[in-house]
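Reading through the structure tokens given below for one structure.
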Amino acid sequence: MRLKRSIMCGALRASHTGQEVTVCGWVQTIREIGGLVFIDLRDREGTVQLVFDKEVIPKLHEQAKRLAREWVIGARGKVSKRSERQVNKNLPTGEVEVIVSDLEIHNSAETPPIEVRDDVEANSDIRLTYRYVDLRRPKMQHIFQVRHKLAKAARDYFDAQGFLEIETPLLTKPTPEGARDFLVPSRHYPGSFYALPQSPQIFKQILMMSGFDKYFQIARNFRDEDKRADRQPEHTQIDVELSFVEPADVQKVIEGLIAHVMKAVMGVEVKLPLPHMSYAEATASYGIDRPDLRFGMQLVDLSEIVKDCGFGVFADTVKSGKAVKALLLPGGHEKISKGQFKNLEADAKGRGAKGLAFIRYTADGVDSPIAKFIGEAHMAKIKEKTGANAGDMLIFVADHARLASQILGAYRNQFGAEFGLIQKEGFRYLWVDDFPQFAYDEEKNEIVPEHHPFVMPKNEDAFMAFAEEFKRNDRKANPRIVDLALAVTATQYDIIVNGIELGSGSQRIVKPSVQNAMFDCLGMTREQANAKFGFLLEALKYGAPPMAGIGMGVDRWMMALFGIDNIQEVVVFPKHANARGMMDGSPSPAEEAQLKELGIALREEK
RNA sequence: GGGGGCGUAGCUCAAUUGGUUAGAGUGCCGGCCUGUCACGCCGGAGGUUGCGGGUUCAAGUCCCGUCGCCCUCGCCA
């Protein structure tokens, strides 16, 4: 390399005027005007205009004419202040230009399949295949610069708080998160497999038992589950664990982290402490355990009002212990056409509801097929309770409270996005806590876990009572047992921002007796538990401190910071919907010799 | 595995609801231009309409199959 870079293209300002500089980068555009050639040269900090004048150095001008987009060059020259008329106000470097006196061409480039411009959005398949071109776009460069800042800010913060960054293994035993594992075959032990960690959960707990006291790690987690807009088979977590603490202590640390990161990365002040909401309130009022607080439209429970109204469907639903819930969409009468409502209803049925009911509030009254059954007195109460006005639309689901809330919660989010009801500016962080420890699966008639098996119940006594009863009844669910199980609250807490679940943590079980009781409740025999987590149970015997922690999803945090709804935008080399790496073509078949070494024979596809 | 959307020039999209030779913008190639900066002007090349089959006098358009990408349910922090 003949020309050594002295400054970044995007860094040049009027203050550099007169200096001799060397810049390197990719050719963004070429503009040839008679005997002048202008080239915008781009690096990660921005672009600057290079000038080649035929009358000054004819040979250079000739060379410059032959350049093309995305060629990689170095250029040496004098920084010249542009005249008043020539300033480009759209560019940070627009007050100056480099009058080139020497040029080095590092590489030519074929015309790229996509243009390197922020205002050209190509399809995701081509963007992922030619990711290195896509990533040159200023928008993408910015995202990953911010991602770096986020990680740096987090490290600075934890360091200042006395945390140690400690790496845990990637080749491990399966972890208890419940998702499908990625397996890595062992050469030394044919037939045995490592699992890539779904999280460093067990290892960080053992680090606490090892006396490290405050741990964090920016860790990659792997889950072999189908992709979604906010999921990748591998994602990054800021993983945290502390000894001798309770949930409130962890939350305080994380609130400090959020405030620090938001300030350092976004220049945003976050007011502390963050608000809390119970799981029960979140699901009842927002129909989801990660409420987006950037807009209102809470769900309303009308069960009390309609339980004795004349509309049989509503009244009977309430009498059978279920609920009638409603969502008020302001201006919904105009916004939701008859056809759209039919689609909604079909969707609701797909989610398990019997149907949807509605009341449209018009200028002269109501438009609703159920109004005549409900009766005027009850209609008035509904209007009062929901605060409906002319032009609004009320949508009802009558079903299990949970299902009704779920469906209306989904519509709340859908309407919020579709009708621009969401306040785009700002970040609404909150904690959701008091999650149930268990759920009841009606179909299987089973008590099922809501979390991984190391989450400490909030009310240990209630848990142990349930565990005893459960064991005595030979681990069969019956109404009494179900009630006992559902009464157990977990120490689980989630941190939410703008409807995105950023992180999740809990107090950990550290008493062997409680841990064993938990395995019992999850239908895991002592042998099974030992086979899977024996090393953790063994470690618990030798002195485990009280501990709690959390894992914060870096990718999702990035999505929230940018208001991006696709995780692929914030991951440099993401996998596509069926987990293929489109650029490298992974996964790919293994060599026969490799398989043989691993003791693996492939089964014929049927 | 189920459901939905999309697939037309390198890229982003049109194409009268089945009707002439599939268009536009941008990019690309060539030419002109000494203050452009999304430069401008002139000219040009570029198409197996994802692929395969079918219906029809006629298919980008309708039908069947298949492949690919995105979303979603199941699954999963």
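All values below come from the heavy atoms of this structure, side chains included, with hydrogens, waters and symmetry mates left out. Labels below follow one simple rule: chain letters A, B, ... track the order of the sequence lines, proteins then strands, and each chain is numbered from 1. This structure is a prediction, so every number in the text was calculated from the model and none was measured.
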- Query: Whole-Å distance between B:rU12 C1' and A:E115 CD?
  - Reply: 9 Å
- Take A:R580 and A:G503, find for each the nucleotide of RNA chain B with the closest heavy atom, and name the residue whose nucleotide sits nearer the 5' end. A:R580
- Message: Can you measure A:E121 atom CD to B:rU12 atom P for me and round it to whole angstrom units?
- Response: 10 Å
- Query: How far does the P atom of B:rG18 sit from the matching atom of B:rG40, given to the nearest Å?
  - Reply: 40 Å
- Message: For B:rG46, give the paired nucleotide (Watson-Crick: N1-N3 plus N6-O4 or O6-N4; G-U: N1-O2 and O6-N3; both under 3.5 Å), or none.
- Response: none
- Query: Say you pick atom C1' in B:rG60 and the same atom in B:rU17; how far apart are they, in whole Å?
  - Reply: 13 Å
- Task: Could you check how far OH of A:Y493 sits from P of B:rA77, rounded to whole Å?
- Result: 17 Å
Throw together a table of side-chain donor-acceptor distances under 3.5 angstrom for residues 47-60 of chain A, partners on residues two or more places apart or in other chains.
unit_1: A:Q49; atom_1: OE1; unit_2: A:R31; atom_2: NH2; d: 2.8
unit_1: A:Q49; atom_1: NE2; unit_2: A:E97; atom_2: OE1; d: 3.0
unit_1: A:D53; atom_1: OD1; unit_2: A:E55; atom_2: N; d: 2.9

- Base, sugar-phosphate, or nothing: which does A:K89 touch, judged by heavy atoms less than 4.0 Å apart? nothing
- Do A:Q251 and A:E255 get their side chains close enough for a donor-acceptor pair, meaning under 3.5 Å? no
- Query: Does any donor atom in the side chain of A:D434 or A:T489 lie under 3.5 Å from an acceptor atom in the other side chain?
  - Reply: no
- Query: Got a donor-acceptor contact below 3.5 angstrom from the A:N88 side chain to the A:N90 backbone?
  - Reply: yes
- Task: Mind telling me whether A:W431 and A:Y493 have parallel, tilted or perpendicular rings, with 30° and 60° as the class edges?
- Result: perpendicular
- Item | side-chain hydrogen bond (donor to acceptor under 3.5 Å, both in side chains) contacts in which one or both residues fall within residues 557-568 of chain A, not counting sequence neighbours | A:Y429-A:W557
- Counting only distance, no hydrogens or angles, is the base of B:rG7 paired donor-acceptor with the side chain of A:N123 under 3.5 Å? no
- State, without any angle test, whether A:D239 and A:Y215 hold a side-chain donor-acceptor pair at a distance under 3.5 Å. yes
- Task: Could you run through nucleotides 30-39 of chain B and give me one letter per nucleotide, 5' to 3': B if any protein heavy atom sits under 4.0 Å from the base, S if only the sugar-phosphate is that close, - if neither?
- Result: ---BBBBBBB
- Task: Give the rounded distance in Å between these two atoms: NZ of A:K575 and P of B:rC69.
- Result: 14 Å
- Atom C1', compared across B:rU26 and B:rG19: separation rounded to whole Å: 30 Å
- Message: If I take atom CG in residue A:D226 and atom C1' in nucleotide B:rA77, what distance separates them, rounded to the nearest angstrom?
- Response: 15 Å
- Message: Can you see if the side chain of A:R228 gets near the phosphate of B:rA77 - specifically, an N or O under 4.0 Å from OP1 or OP2?
- Response: no
- Distance-only donor-acceptor test, A:R231 side-chain atoms vs B:rC76 base atoms, 3.5 Å: yes
- In whole angstrom, give me the gap between the P atoms of B:rU16 and B:rC33. 44 Å
- Task: Measure from the side chain of A:S124, starting at C-beta and using heavy atoms only, and say which of B:rC70, B:rU12, B:rA77 lies closest.
- Result: B:rC70
- Can you tell me the pairing partner of B:rC62 across any strand shown, Watson-Crick or G-U wobble, with both distances under 3.5 angstrom? B:rG54
- Query: Quick one: the side chain of A:N221 and the base of B:rA77, do they pair up donor-acceptor inside 3.5 Å?
  - Reply: no
- Query: So what does A:Q568 touch, heavy atoms closer than 4.0 Å: a base, only the sugar-phosphate, or nothing?
  - Reply: sugar-phosphate
- Atom C1', compared across B:rA59 and B:rG52: separation rounded to whole Å: 15 Å
- Message: Tell me the interatomic distance from A:E569, atom CD, to B:rC70, atom C1', rounded to whole angstroms.
- Response: 12 Å
- Ignoring hydrogens and angles, state whether a donor on the side chain of A:D289 or A:T283 is under 3.5 Å from an acceptor on the partner side chain. no
- Could you please name the option among B:rC73, B:rA77, B:rC71 that lies closest to any side-chain atom of A:A179? B:rA77
- Item | Nucleotide opposite B:rC6 in a Watson-Crick or G-U pair, distances under 3.5 Å | B:rG68
- Message: Would you say A:N578 places a side-chain N or O within less than 4.0 Å of OP1 or OP2 belonging to B:rC70?
- Response: no
- Query: A:K349 has an atom NZ; how far is it from atom C1' of B:rG3, in whole Å?
  - Reply: 17 Å
- Item | A:K227 side chain near B:rC70 phosphate (N/O to OP1/OP2, under 4.0 Å) | no
- Describe, in one word, how the ring planes of A:F216 and A:F158 are oriented to each other, choosing from parallel (under 30°), tilted (30 to 60°) and perpendicular (over 60°). parallel
- Check: A:R508/A:S506 side-chain N/O donor and acceptor closer than 3.5 Å: yes
- With heavy atoms under 4.0 Å as the rule, sort A:D289 into base, sugar-phosphate or nothing. base
- Paired nucleotide for B:rG23 [Watson-Crick or G-U wobble; both distances under 3.5 Å]: B:rC13
- Across every strand shown, the nucleotide meeting Watson-Crick or G-U wobble geometry with B:rC41 (both distances under 3.5 Å) is B:rG31
- Query: Can you tell me how far P in B:rA15 sits from the matching atom in B:rA77, rounded to whole Å?
  - Reply: 44 Å
- Query: How close or far is atom P of B:rC70 from atom CD1 of A:I567, stated in whole angstroms?
  - Reply: 13 Å
